[in-house]
Amino acid sequence: MSRARQPPLVTGISPNEGISWTKVTIRGENLGTGPTDLIGLTICGHNCLLTAEWMSASKIVCRVGQAKNDKGDIIVTTKSGGKGTSTVSFKLLKPEKIGILDQSAVWVDEMNYYDMRTDRNKGIPPLSLRPANPLGIEIDKGRFPQKDLEALFPGMSADFTSENFSAAWYLIENHSTTSFDQLKTAVVNLKKQANKKNEGSLAYVKGGLSTFFEAQDALSAIHQKLEADGTEKVEGSMTQKLENVLNRASNTADTLFQEVLGRKDKADSTRNALNVLQRFKFLFNLPLNIERNIQKGDYDVVINDYEKAKSLFGKTEVQVFKKYYAEVETRIEALRELLLDKLLETPSTLHDQKRYIRYLSDLHAPGDPAWQCIGAQHQWILKLMHNCKENYVKEQKGTSLIHSPMLDLDSDVRPSPIGHLSQTASLKRGSSFQSGRDDAWRYKAPQQVVFVEKLTKLVVSQLPNFWKLWISYVNGSLFSETAEKSGQMERSKKNARQRQNDFKKMIQEVMHSLVKLIRGALLPFSLREGESRQYGGWEMKTELSGQWLTHVIQTVRLSSESLTALEIPNDMLQIIQDLILDLRVRCIIVTLQHTAEDIKRLAEKEDWVVDNEGLTSLPSQFEQCIVHSLQSLKIVLDCKPGEASVFQQQKTQEDVCQLSIGIMQVFIDCLELLSTKPDGDIDTAHLSVDVSSPDLFGSIHEDSSLSSEQRVLIALSNCRYLERHTFLNIAEHFEKHGFQGVEKITQVSMESLKELDQRLFEMYIESKADPIVGSLEPGIYAGYFDWKDCLVPAGVRNYLKEALVNIIAVHAEVFTISKDLVPRVMSRIVEAVSEELSRLMQCVSSFSRNGALQARLEICALRDTVAIYLTPESNSSFKQALEALPQLSSGTDKKLLEELLNKFKSSMHLQLTCFQASSSAMMKT
């Protein structure tokens, strides 16, 4: 069960004082879990729940209502916590009544006032706002029910701003208990207010009297003039005389002022010419201004002036204006050619290209400058790529690399996105790669690797601007507002839609060139015959190692990611994904081939130092070599977004499976070579060891002291460990890295390993068992011994003891190398000896009594001694040997046989310790 919540606690209120209806913010703890949980809120004893707005468990907003107390606590009540407490208080101030025309130090909101009757905000226009107290006396609210007043005055209102205002309702509601004297005072106040309004209107009229008088005088003058015009009467003769006088006066004036008027006309024409020059100096100075602004590079000023001149004088018929406007057009045509040359000039930044295209658009240049720029940029990128290849091929062939300014793009392009490649690439053992992208790294890296990095950097730096230029061309952002108004933008968009396929071919051509140039450097066999000269030309003295191919794959992958970020359609970039897949497959094959070569050289590193389990470091080195090789391929085997599995093709699976089997077979051949070489044929001249190793000379010394039989034993011990551990571990690593056909790899390798183990075992048994078996027959018949004529047995003869000593020597040799091999070797030695002894017994034609006893003694002694290594085959041989002997007829012979056996075991107790059951149990564990 959940514990009950704590009661509400108010710890703060802002503001902490104010008049009624002041908006306050209450803060505290446990103020409720939601709006429905809040059931009570009082401030200074007044219920404020209706105006409360629950914000959170620590905040409530409300308005302070009218309260009787001047100061009081804030009490919050909730369903979950009950009635709360308060550590702060609120002080209620008396409101100051301010009319709409009264001066106030604070802003009075005239558009929104709080209606105390309806307890809500009302929006009213400023003219309808009522004064605080129109009668000017104290208001004493009566306790008459509102319903009774509405029934008493139907259709009326107590609001004096209303058309249905009722004075009686107003007096009953606000002054029901007011005395008669106070009402008289109210009448006086109303009269004063009315007089103030009248005096104000009169003062307004007095202030405008002068204006009224001026208007009256003007009207009177107009009236008098109209009356005078209407009464004018002129005689006809008087009019004729007046005309004659005027003509004579005019002729006399012309004669007198002819010269003056001529000079005046000339001055007027000169003045008019100067005015024309001054008025149209913009056009007359425009050719010179255009030249100056072009030299300064102020093309915007030139374009604005040209647009202005074209609008003013483009269709003029004035010859002077035509002449100067034609000169302007000549200058503008030269500017168009200049801007077009700058637009097609490479290298150039995207900003400059957009600027020149906009200028040419505003100058209404013929053709499509934007598309011309796109075409020129496309050819420029292709040229850069092929020049890059040619320069690196020349450098590889020994020709001094001529420094090409076309390749110095670092100053005007954005940084390469593959700059961190050297930090993420991890090249394993045998690599000269360094983490820093410095000049030393470039000298150590193969030329093909440096070329691919430079080529991808070039494409990634140039293609984004090329792509953005096309996008700007499509959406029309290359053009200014003037071009938009003239409809040129719409024409450009239409052209762009028609040229989408052409641009797609440009992108595909760049992608194809990029991929084929990389293939020519790294995968020349994947190019067609006609493409080798254009995209190849590299000297392939040695193929790149898997580590460098991994580095190249990362470079191409990062380039592909950068191009994908430009939102280039995936179908255009699919060719790069195909290249990455081919590089991954080639990297795996090359890595496995180099791994096979490294494993072949492990024979030179065999030191023949045996550990407690009878193993040398060779199996461990073999497993580490495989693991390191697979780890170096992890980046290659992992699929990035959009990449296919490297094993999706059946041919790749088969090739990788065969290479993996070949690696295992190489190591098996290495074991056989080490174990079968004569002592003098072990080549340590190429032994790759660290001269600082403290075990260097000790390892070589021990190597030179081992016999061929000991090396065979060590090889057998290694084979046993490989079969039970190493090959299984390697199979797990193959499966972990997604290799296909792991079962086949393991099965074929195990079969080959078992064949080698069997051959080595037979070789060792032959070398050890043949001398022992060969010594039995001469030993038995030494001293012309004859089974038919021999003395009473006195004990086991020396030939058998020598055979046992030789068997003990084999045991000791095997035990020294590997305790686990002892049962296997000893069982086969005992089988060979028992088989030879059985053959010899069966070849004897007859035995005397003493001969039979002697033979039985030696056979039983040998059988009892090697009892723990007996097998069904050896038991059968001993049984056949005993069956070839005559049976003991007397108890005396049996007793003598037992005594002689006990004597033999007692005398050779120390030598026979290795054949005891405790020793066998220890070995088997």
Side-chain angles (χ1 to χ4, degrees), residues 428-429 546 588-589 591-634 637 647 652-676 711-764 814 817-821 823-825 924:
K428 302 299 178 182
R429 54 184 177 77
I588 293 174
I589 292 176
T591 300
L592 293 179
Q593 290 174 348
H594 289 181
T595 302
E597 295 176 1
D598 293 341
I599 291 173
K600 188 181 298 184
R601 288 191 291 269
L602 287 180
E604 303 172 0
K605 301 179 181 180
E606 177 61 279
D607 53 9
W608 300 104
V609 177
V610 182
D611 60 9
N612 295 332
E613 297 180 359
L615 305 173
T616 64
S617 61
L618 201 61
S620 176
Q621 291 179 8
F622 170 62
E623 183 176 352
Q624 289 177 5
C625 187
I626 296 291
V627 171
H628 289 167
S629 177
L630 295 177
Q631 288 177 348
S632 68
L633 291 175
K634 186 178 185 306
L637 293 170
F647 296 112
T652 303
Q653 297 179 15
E654 295 175 356
D655 293 343
V656 172
C657 181
Q658 291 300 323
L659 286 172
S660 302
I661 294 174
I663 289 174
M664 310 292 273
Q665 187 61 47
V666 165
F667 184 70
I668 294 173
D669 295 341
C670 175
L671 286 177
E672 185 173 11
L673 177 66
L674 288 172
S675 58
T676 56
R711 287 199 296 273
V712 171
L713 280 176
I714 294 173
L716 286 172
S717 179
N718 287 338
C719 288
R720 185 174 182 273
Y721 184 81
L722 288 170
E723 180 182 355
R724 297 187 179 185
H725 299 90
T726 304
F727 278 16
L728 299 178
N729 295 340
I730 292 174
E732 292 180 1
H733 285 294
F734 280 144
E735 291 180 351
K736 179 181 177 182
H737 288 82
F739 276 55
Q740 303 295 319
V742 177
E743 295 181 357
K744 179 179 179 181
I745 296 172
T746 306
Q747 179 183 358
V748 174
S749 303
M750 285 291 189
E751 292 175 357
S752 180
L753 180 65
K754 290 178 180 179
E755 291 177 0
L756 173 63
D757 177 82
Q758 190 62 30
R759 288 197 303 272
L760 295 178
F761 182 73
E762 294 296 337
M763 183 190 306
Y764 183 80
V814 177
I817 301 299
S818 174
K819 295 179 288 185
D820 295 333
L821 289 175
R824 181 185 179 190
V825 173
K924 290 181 180 180

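Note that the structure is a prediction, hence the values are computed from the model and not measured.
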Working to the nearest 0.5 Å, report the span between [atom1] of [X] and [atom2] of [Y].
| X | Y | atom1 | atom2 | value |
| --- | --- | --- | --- | --- |
| F622 | F727 | CZ | CZ | 5.0 Å |
| Q624 | H628 | CD | NE2 | 5.5 Å |
| R720 | F761 | CZ | CZ | 12.0 Å |
| L760 | S717 | CG | OG | 12.0 Å |
| I714 | L671 | CD1 | CG | 11.5 Å |
| K819 | L821 | NZ | CG | 12.0 Å |

Looking at [X] and [Y], what are the two nearest heavy atoms and their distance?
| X | Y | answer |
| --- | --- | --- |
| L674 | A603 | CD2-O, 3.6 Å |
| R759 | E672 | NH2-OE1, 3.1 Å |
| V742 | A731 | CG1-O, 3.5 Å |
| L756 | I668 | CD2-O, 3.4 Å |
| V666 | A596 | CG1-O, 3.7 Å |
| Q740 | C657 | O-CB, 4.4 Å |

For a side chain to side chain contact (heavy atoms under 4.5 Å, CB included) check, start with the C-alpha distance between I817 and L716, then their side-chain angles and the critical distance, and finish with the verdict.
CA-CA 10 Å; I817 301 299; L716 286 172; over 6 Å; no
Do [X] and [Y] come close enough that some side-chain heavy atom pair is under 4.5 Å?
| X | Y | result |
| --- | --- | --- |
| D655 | I588 | no |
| H594 | E597 | yes |
| L659 | T595 | no |
| D598 | R601 | yes |

Assess the residue pair F667 and L722 against the criterion (side chain to side chain contact (heavy atoms under 4.5 Å, CB included)); give the C-alpha distance rounded to whole Å, side-chain angles, the decisive distance to 0.1 Å, and a yes or no.
CA-CA 11 Å; F667 184 70; L722 288 170; 3.4 Å; yes
Anything under 30° is parallel, anything over 60° is perpendicular, the rest tilted; go ahead and classify H737 against H733.
tilted
Less than 4.0 Å between a side-chain N and a carboxylate O, is that true for D757 and K754?
no
One pair to check against side chain to side chain contact (heavy atoms under 4.5 Å, CB included): Q658 and K744. What are the steps and the verdict?
CA-CA 10 Å; Q658 291 300 323; K744 179 179 179 181; 3.6 Å; yes
Sidechain-backbone polar pair: S660 side chain, V656 backbone, donor-acceptor under 3.5 Å:
yes
For C625, is there any backbone N or O sitting under 3.5 Å from a side-chain donor or acceptor partner on S629?
no
Candidate pair I730 and M664, rule side chain to side chain contact (heavy atoms under 4.5 Å, CB included), full reasoning:
CA-CA 10 Å; I730 292 174; M664 310 292 273; 4.2 Å; yes
Any chance the side chains of Q758 and E762 put a donor and an acceptor closer than 3.5 Å?
yes
Tested for side-chain contact (heavy atoms from CB on, under 4.5 Å) against N718, the lone hit among L753, T616, V610 is T616
